[in-house]
K.L.:
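Quick one: this structure, given as structure tokens, is what I'll be asking you about.
A note on names: the letters A, B, ... follow the listed sequences, proteins ahead of strands, and every chain is numbered from 1.
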2 protein chains.
Amino acid sequence: MGKEVIIPNISVDCVIFGFDFEKLNVLLVERELIDSKTGAVVIKDHTLTGYHIFEDEVLDSAASRILKDLTGLENIYLEQFYTFSEIDRVAAEKDKKWLAYMNKGFADRIITVGYFSLIDSTKVELTVHNRNASWVPIDEIPGMELAFDHKHIFDRALEALRNKVKIDPIVFELLPERFTLTQLQKLLEAVFDTQLEKRNFRKKVGQMPYVVALKEKQVGVPHKPAQLYLFSREVYEKTKKERIGLMF
Amino acid sequence: MGKEVIIPNISVDCVIFGFDFEKLNVLLVERELIDSKTGAVVIKDHTLTGYHIFEDEVLDSAASRILKDLTGLENIYLEQFYTFSEIDRVAAEKDKKWLAYMNKGFADRIITVGYFSLIDSTKVELTVHNRNASWVPIDEIPGMELAFDHKHIFDRALEALRNKVKIDPIVFELLPERFTLTQLQKLLEAVFDTQLEKRNFRKKVGQMPYVVALKEKQVGVPHKPAQLYLFSREVYEKTKKERIGLMF
DNA sequence: GCAAAAGTGTTACCGGTACACCCATGC
DNA sequence: GCATGGGTGTACCGGTAACACTTTTGC
């Protein structure tokens with residue numbers, strides 16, 4: 001560590017998803033560039049987190065590193081979903097200024113590998129490490145100004161997330177270890193931007209042996225306390241059966 | 001064209017799938033290196049097709065170019081599925097020798113972007129362009145010796161293909177425009193390495209408005225001639241409905 | 001007329017969907 | 001005792017799974 005040499009033309013960008021029990025959010029970092037002479041604001045927008053990879057580093061490690069730098073968390077769910085190579089993806093005027101200002105020896109053309117990551121946002125503190133990072137609800141992204149081609153990257157990430165959630169129980173990565181069925185339902189509703197019917201939802205979850213009821217219940221809530229559950233990937237792996245059903 | 005400059009550390013590799021009405025195959029190229037002094041065979045194995053990308057070229061275009069170079073075909077279904085960055089992925093002894101022999105200015109560490117492509121193999125001629133290219137049934141790959149990390153890339157490609165086939169009607173790309181239901185069934189059986197029940201399969205296909213029966217039938221077959229069908233992506237796009245059903 | 005593959009219909013079961021009411025807690 | 005979200009059962013329907021026989025052609 002310390003004198004790592006970057007590869008100038010390859011980077012990793014992370015789309016970090018989190019769930020606040022109401023909405024699905026993405027962690028964005030504020031980017032601000034102020035003219036040192038005039039004091040005028042040259043750039044003020046938001047970016048995903050990303051960085052170049054090092055010469056002796058694999059993409060997955062670079063993504064983990066970036067994630068840890070921003071959130072302080074390790075062993076987080078990360079999935080590579082697409083590699084972006086548009087020739088002018090970092091060539092907008094404001095982005096060129098930004099790269100010049102950074103002055104880190106990046107290439108003019110940068111190919112970036114997109115990862116999405118799912119974190120239990122109850123575990124992340126945005127006060128210490130924050131480089132002005134904040135959670136933004138996914139439905140606000142379309143109206144925002146993002147750096148580089150990050151809006152495009154976000155769109156692809158959300159699509160990849162939805163596809164993966166359908167076939168693999170990764171949603172649980174967005175919840176605390178112990179969660180209620182209502183939280184799980186709200187989460188899926190947020191991911192797919194839809195509404196689910198409570199009784200049917202619970203019936204379905206009841207058929208998943210890997211969503212296991214704990215003996216504990218919520219405490220201190222001003223209504224009937226909910227049963228707490230746990231997701232066991234171990235049980236999932238043991239009980240899953242191959243499904244071939246074509247869905248198109 | 002002509003004086004294109006390659007990017008030394010980024011390449012594209014294509015896993016080309018084809019269907020011969022019996023098995024699902026992959027197009028592999030024979031790689032042979034003979035010691036110019038002794039005449040001894042130094043390397044003899046198989047590789048996927050790939051090449052570096054050019055400085056002014058996008059990944060998708062590089063993949064199309066590579067595909068066209070090998071098969072002569074254009075406008076082929078191509079999908080990027082994963083980017084491979086293991087540090088020693090081209091560093092095995094035989095692979096280093098090969099790269100030295102090629103002497104094209106490639107970097108020591110090459111990151112490669114994997115694409116899979118689906119082609120109607122009745123359209124490809126392996127006689128003209130062939131650099132010793134041949135179709136290899138997918139169930140023979142595990143027992144073969146492949147260059148670089150190409151076996152790993154193939155595994156990921158097959159996985160990505162299966163996932164995508166489940167949610168999008170891309171299988172039809174592997175068939176001629178006009179095909180029979182039995183051919184479609186055999187193809188799906190080959191892709192998923194499974195058996196399907198004829199009557200149920202046909203009932204299901206009967207509910208897909210975008211698989212349209214033609215007026216024509218097979219001719220010259222020594223049995224009852226089969227009805228020919230056509231896949232219409234246009235009809236598919238118009239009639240598809242969003243499904244959210246969780247499958248895990 | 002025989003071999004070879006195409007084509008078709010019925011029943012049993014399961015999973016999906018739609019829907020309305022009682023329950024436990026904090027204040 | 002009231003407001004708040006937690007939790008449950010039933011009826012209908014559509015899709016999936018299992019199964020055997022008749023049809024059309026080339027030779």
Side-chain angles (χ1 to χ4, degrees), chain A residues 19-23 166-167 169 175-176 178-190 192 194-230 239-248, chain B residues 20-22 166-167 169 175-176 178-190 192 194-230 239-248:
Chain A
F19 179 59
D20 59 10
F21 302 117
E22 280 299 325
K23 292 189 157 199
K166 283 182 199 161
I167 60 172
L175 291 170
R178 303 171 320 140
F179 53 86
T180 70
L181 294 187
T182 303
Q183 288 167 351
L184 179 57
Q185 182 180 341
K186 283 241 182 75
L187 171 53
L188 286 163
E189 289 174 342
F192 292 108
T194 187
Q195 294 286 106
L196 299 172
E197 207 279 315
K198 189 164 58 157
R199 283 171 287 194
N200 296 332
F201 176 75
R202 295 168 102 95
K203 208 181 305 170
K204 186 155 198 168
V205 175
Q207 289 161 268
M208 301 175 178
Y210 42 88
V211 178
V212 307
L214 298 173
K215 300 218 175 77
E216 308 165 60
K217 289 176 181 262
Q218 276 182 320
V219 285
V221 286
H223 53 75
K224 178 169 174 178
Q227 176 81 245
L228 290 171
Y229 290 79
L230 188 80
T239 59
K240 78 170 164 194
K241 35 196 171 294
E242 292 307 326
R243 302 167 143 284
I244 327 112
L246 306 180
M247 317 236 51
F248 53 82
Chain B
D20 60 9
F21 303 116
E22 280 299 324
K166 283 181 199 162
I167 59 172
L175 291 170
R178 303 173 318 140
F179 54 87
T180 71
L181 295 186
T182 303
Q183 287 167 351
L184 179 59
Q185 182 180 342
K186 283 242 181 75
L187 170 53
L188 286 163
E189 289 174 341
F192 292 108
T194 188
Q195 293 287 107
L196 299 172
E197 206 279 316
K198 189 166 55 157
R199 283 170 288 193
N200 295 332
F201 176 75
R202 295 169 102 97
K203 210 179 304 172
K204 185 157 198 167
V205 175
Q207 290 162 280
M208 301 175 178
Y210 42 88
V211 178
V212 306
L214 297 173
K215 300 217 176 78
E216 309 165 60
K217 288 176 181 266
Q218 276 182 319
V219 285
V221 286
H223 54 247
K224 178 168 173 177
Q227 176 80 246
L228 291 172
Y229 290 79
L230 189 81
T239 59
K240 78 170 163 193
K241 35 196 169 293
E242 291 307 326
R243 301 164 144 286
I244 326 113
L246 305 179
M247 318 236 49
F248 51 81

K.L.:
Any side-chain hydrogen bond (donor to acceptor under 3.5 Å, both in side chains) pairs touching residues 218-228 of chain B, not counting sequence neighbours?
P.N.:
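Every pair satisfying side-chain hydrogen bond (donor to acceptor under 3.5 Å, both in side chains) with a residue in residues 218-228 of chain B: there are none.
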K.L.:
Report, as a single string ordered 5' to 3', how protein heavy atoms within less than 4.0 Å touch nucleotides 21-27 of chain D: B base, S sugar-phosphate only, - not at all.
P.N.:
--BBBS-
K.L.:
What is the distance, to the nearest angstrom, from the CG atom on B:N200 to the P atom on C:dT10?
P.N.:
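Rounded to whole Å, this separation is 14 Å.
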K.L.:
Less than 4.5 Å apart, any side-chain heavy atom of B:K217 and any of B:T180?
P.N.:
no
K.L.:
In whole angstroms, how far is the C1' atom of C:dA5 from the CZ atom of B:F21?
P.N.:
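In whole Å, C:dA5 C1' and B:F21 CZ are 16 Å from each other.
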K.L.:
Within the structure, does a side-chain N or O atom of B:R202 lie under 4.0 Å from either OP1 or OP2 of C:dG7?
P.N.:
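Answer yes for this pair, as a side-chain N or O of B:R202 is under 4.0 Å from OP1 or OP2.
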K.L.:
Taking the side chain of B:R199 as its heavy atoms from C-beta onward, which of D:dA20, D:dG7, C:dT17 lies nearest to it?
P.N.:
D:dA20
K.L.:
Evaluate the side-chain contact (heavy atoms from CB on, under 4.5 Å) criterion for residues A:K203 and A:N200: first the C-alpha distance (whole Å), next the side-chain angles of each, then the deciding distance (0.1 Å), finally the verdict.
P.N.:
CA-CA 5 Å; A:K203 208 181 305 170; A:N200 296 332; 3.7 Å; yes
K.L.:
Roughly how many Å is it from CD in B:E197 to P in D:dG15, rounded to a whole number?
P.N.:
18 Å
K.L.:
Output the rounded distance in Å from CD (A:Q195) to P (C:dT17).
P.N.:
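After rounding, the gap between these two atoms is 15 Å.
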K.L.:
Going by the rule side chain to side chain contact (heavy atoms under 4.5 Å, CB included), which residues pair with A:P222 if we only count those two or more places apart in sequence or in a different chain?
P.N.:
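Listed in chain order: nothing, the list is empty.
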K.L.:
Applying side-chain hydrogen bond (donor to acceptor under 3.5 Å, both in side chains), name anything that partners B:E216, two or more places apart in sequence or on another chain.
P.N.:
B:R178
K.L.:
Counting any heavy atom closer than 4.0 Å, what does B:Q227 reach on the DNA or RNA strands: base, sugar-phosphate only, or nothing?
P.N.:
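Sugar-phosphate, no base atom in range.
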K.L.:
Quick one: is C:dA5 close enough that its OP1 or OP2 comes under 4.0 Å of any side-chain N or O from B:T182?
P.N.:
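Result: no.
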K.L.:
Return the value, rounded to whole Å, for the distance between atom CZ of A:F201 and atom C1' of C:dA18.
P.N.:
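So the CZ-C1' distance, A:F201 to C:dA18, works out to 17 Å.
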K.L.:
So which protein nitrogen or oxygen atoms get under 3.5 Å of nucleotides 13-16 of chain C's nitrogens or oxygens?
P.N.:
from: C:dG16; atom 1: OP1; to: A:K204; atom 2: NZ; distance (Å): 3.4

K.L.:
In chain order, what residues pass the ring pair (Phe, Tyr, Trp, His ring centres under 6.0 Å) check against B:F179, with sequence neighbours excluded?
P.N.:
B:F172
K.L.:
Tell me, please, which residues at least two apart from A:R199 pass side-chain hydrogen bond (donor to acceptor under 3.5 Å, both in side chains).
P.N.:
none
K.L.:
List, one per line, each side-chain donor-acceptor pair under 3.5 Å for residues 207-215 of chain B, sequence neighbours excluded.
P.N.:
from: B:Y210; atom 1: OH; to: A:F248; atom 2: O; distance (Å): 3.3

K.L.:
Got a sec, which residues hit side-chain hydrogen bond (donor to acceptor under 3.5 Å, both in side chains) with B:Q185, two or more places apart in sequence or on another chain?
P.N.:
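With neighbours one apart ignored, the set is B:E189.
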K.L.:
For B:L181 and C:dG7, what is the distance between atoms CG and P respectively, to the nearest whole Å?
P.N.:
7 Å
